[in-house]
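Structure first, then comments.
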Amino acid sequence: MTFSENIGKLEPSATMAVSALAKRLAAEGRDIINLSAGEPDFDTPEFISEAAIAGIRGGITRYTPAPGLPELRKAIADRLADRAGREISWEGVVVGTGAKQALFNAVFSLFGPGDDVLMLAPYWTTYPALVQLARAEPVVARGAESRDFKVTPADLDRAVTEETRGLILNSPSNPSGAVYSHQELTAVAEWARDRGVWLISDEIYRRIYHGEGSAAPGLLELDPESLGRTVLIDGLSKSHAMTGWRLGFAYAEKDVAVKLTALQSQVTSNPSTPTQMAALEAYRNVDASEKAVAEMGRAFRRRRDLVVARMRELFPSVRLIEPDGAFYVYFRVDGFFDDRVPDATTWCSEIIEQAGVALVPGAAFGDDRWVRMSYAASDETLLEALDRIAEVVDTSAA
């Protein structure tokens, strides 16, 4: 059977595939601890859910404008303005069905055949797929492991080509949890500005931050003079435990937003109207939102500390990146490799079969020596998972 070249290189999301396998094994009666999924384990805050229910009962269930309700776009712009300390035009906000659609809209609208797009390894598994769907070419840039893989302008200079038109940045990072400082972010932004390269900043984990302050540095905190052509991606999925609601947004200059809207109008039209009502409450009710986000953030920070300490106790020779944000630990397992287990993909298969713990191999993120483990789970579950892994691996081998 012949398919279009549009999807010639497309494969299912590796992270979603592992999560689906874990759920299938659990449904078959296996005792599986699933630490592969990239979603909070908390319930959506009740005040947000109630707003959606009220909207449904009030008959707010019809089509909205393709880029979202104007009042929602204005509420998002207000929150962005709070961050930036300057006016943000709501007409630059395009609300979509999750941050993934916002990313697709941006990549598909800005890049095409003959274009190269830089992605920073380790990268979220979907980035290269989106670039390939646009018939552009993903090009990997790598930072030093000693810097938790964060890139410098020198790293970007080694990867850039004459055809480079874009750069996708994710901070805090999925999968590593690394966070670019204000200074590091400025350096990358100015590099992109000086070369006329589009900078797409995926900030979906920005509010899950373990450092000083309530959020990781983002584009809007930078001096506007540092910025060239940019698209900011964000949403509520991670920060407000709303993964299944499917709502994210892009923010860009108005002329870019018009193009993103035109594409979305032909693909999905507006995001779910009840979800928009939930999001409107989340963005308008600042006090309730901040309280909920802070509470979940404290739990993630405690779990980070718990997991890192326990891993260093059980696996003292294993290199791990201590995350400053998001809810993942990224660790290197090539010390466990042998003729039978030559890569992290095989190692993770062994772990789910022998220990009943689902993890994501680093092949999904550009390096099959590494593994991602989510700590979006209870303290007891996390400790049980680590103990199970320790029981089936040779800790002296690493």
Side-chain angles (χ1 to χ4, degrees), residues 15 18 33-42 99 120-125 127 142-151 169-182 184-185 188 201-218 234 237-239 241 243 293-316 318-333 344 348 357-362 364-367 369-379 381-383 385-386 389:
T15 53
V18 174
I33 297 176
N34 186 2
L35 300 181
S36 66
E39 62 179 341
D41 57 315
F42 302 106
L120 315 181
Y123 46 75
W124 182 41
T125 182
Y127 294 150
R142 298 182 185 275
E145 184 177 324
S146 61
R147 295 194 307 271
D148 294 343
F149 299 112
K150 291 183 287 185
V151 300
L169 175 72
N170 178 212
S171 177
S173 165
N174 173 11
S176 73
V179 175
Y180 282 74
S181 68
H182 188 282
E184 291 166 336
L185 195 57
V188 172
S201 182
D202 181 356
E203 302 181 7
I204 193 66
Y205 292 96
R206 181 177 169 274
R207 294 303 309 275
I208 304 176
Y209 180 52
H210 310 320
E212 294 292 328
S214 61
D234 206 343
S237 298
K238 314 298 184 179
S239 60
T243 52
V293 170
E295 183 177 347
M296 288 185 276
R298 286 190 293 271
F300 284 130
R301 189 176 302 113
R302 185 193 69 249
R303 293 167 177 179
R304 186 275 307 262
D305 294 343
L306 178 73
V307 167
V308 168
R310 186 63 172 153
M311 287 189 71
R312 285 178 171 157
E313 177 185 345
L314 292 173
F315 316 110
V318 169
R319 161 77 168 124
L320 64 83
I321 296 176
E322 183 168 340
D324 290 324
F327 41 72
Y328 307 110
V329 172
Y330 196 55
F331 58 100
R332 188 168 167 173
V333 297
C348 286
V357 178
L359 307 168
V360 182
F365 313 112
D367 191 333
R369 299 173 300 167
W370 292 73
V371 168
R372 188 192 80 176
M373 182 181 80
S374 168
Y375 52 87
S378 70
D379 295 11
T381 298
L382 294 169
L383 293 175
L386 292 173
I389 295 171

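The chain is numbered in sequence order, starting from 1.
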Exercise for the section: Taking the six-membered ring for Trp and the single ring otherwise, decide whether the centroids of Trp124 and Tyr205 are under 6.0 Å apart. Expected result: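 Trp124 vs Tyr205: aromatic centres not under 6.0 Å.
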Handout entry: Over 12 foreign heavy atoms within 6.0 Å of CD, Glu145
Key =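 Yes.
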Exercise for the section: Give a yes or no answer on whether the side chain of Arg206 reaches the backbone of Ala216 with a donor-acceptor pair at less than 3.5 Å. Expected result: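 Yes: the side chain of Arg206 pairs with the backbone of Ala216.
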Problem - Arg304 side chain near Glu322 side chain, heavy-atom distance below 4.5 Å - result: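 Heavy-atom side-chain distance check passes, below 4.5 Å.
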Practice task
Find out whether Phe300 and Pro40 are in side-chain contact, i.e. whether some heavy atom of one side chain is under 4.5 Å from a heavy atom of the other.
Solution key: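 SC-SC contact between Phe300 and Pro40 confirmed.
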So which atom in [X] and which in [Y] form the shortest heavy-atom distance, rounded to 0.1 Å?
X	Y	value
Tyr209	Asp324	CD1-O, 3.3 Å
Tyr180	Val151	OH-N, 2.9 Å
Lys150	Ala178	CG-CB, 4.1 Å
Leu386	Val307	CD1-O, 4.1 Å

Practice task
With rounding to the nearest 0.5 Å, note down the distance linking OG in Ser201 to CG in Leu169.
Solution key: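 Spacing of OG (Ser201) from CG (Leu169) equals 5.0 Å.
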Practice task
Enter the distance from Ser173:OG to Asp202:CG here, rounded to the nearest 0.5 Å.
Solution key: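 One gets 9.5 Å once the value is rounded to the nearest 0.5 Å.
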Exercise for the section: Output yes when Arg302 and Asp379 qualify as a salt bridge under the 4.0 Å nitrogen-oxygen rule, no when they do not. Expected result: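 Counted as a salt bridge, because a side-chain N and a carboxylate O are separated by less than 4.0 Å.
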Exercise for the section: May I ask you to decide if the ring planes of His210 and Tyr375 are parallel, tilted or perpendicular, using 30° and 60° as cut-offs? Expected result: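 Tilted.
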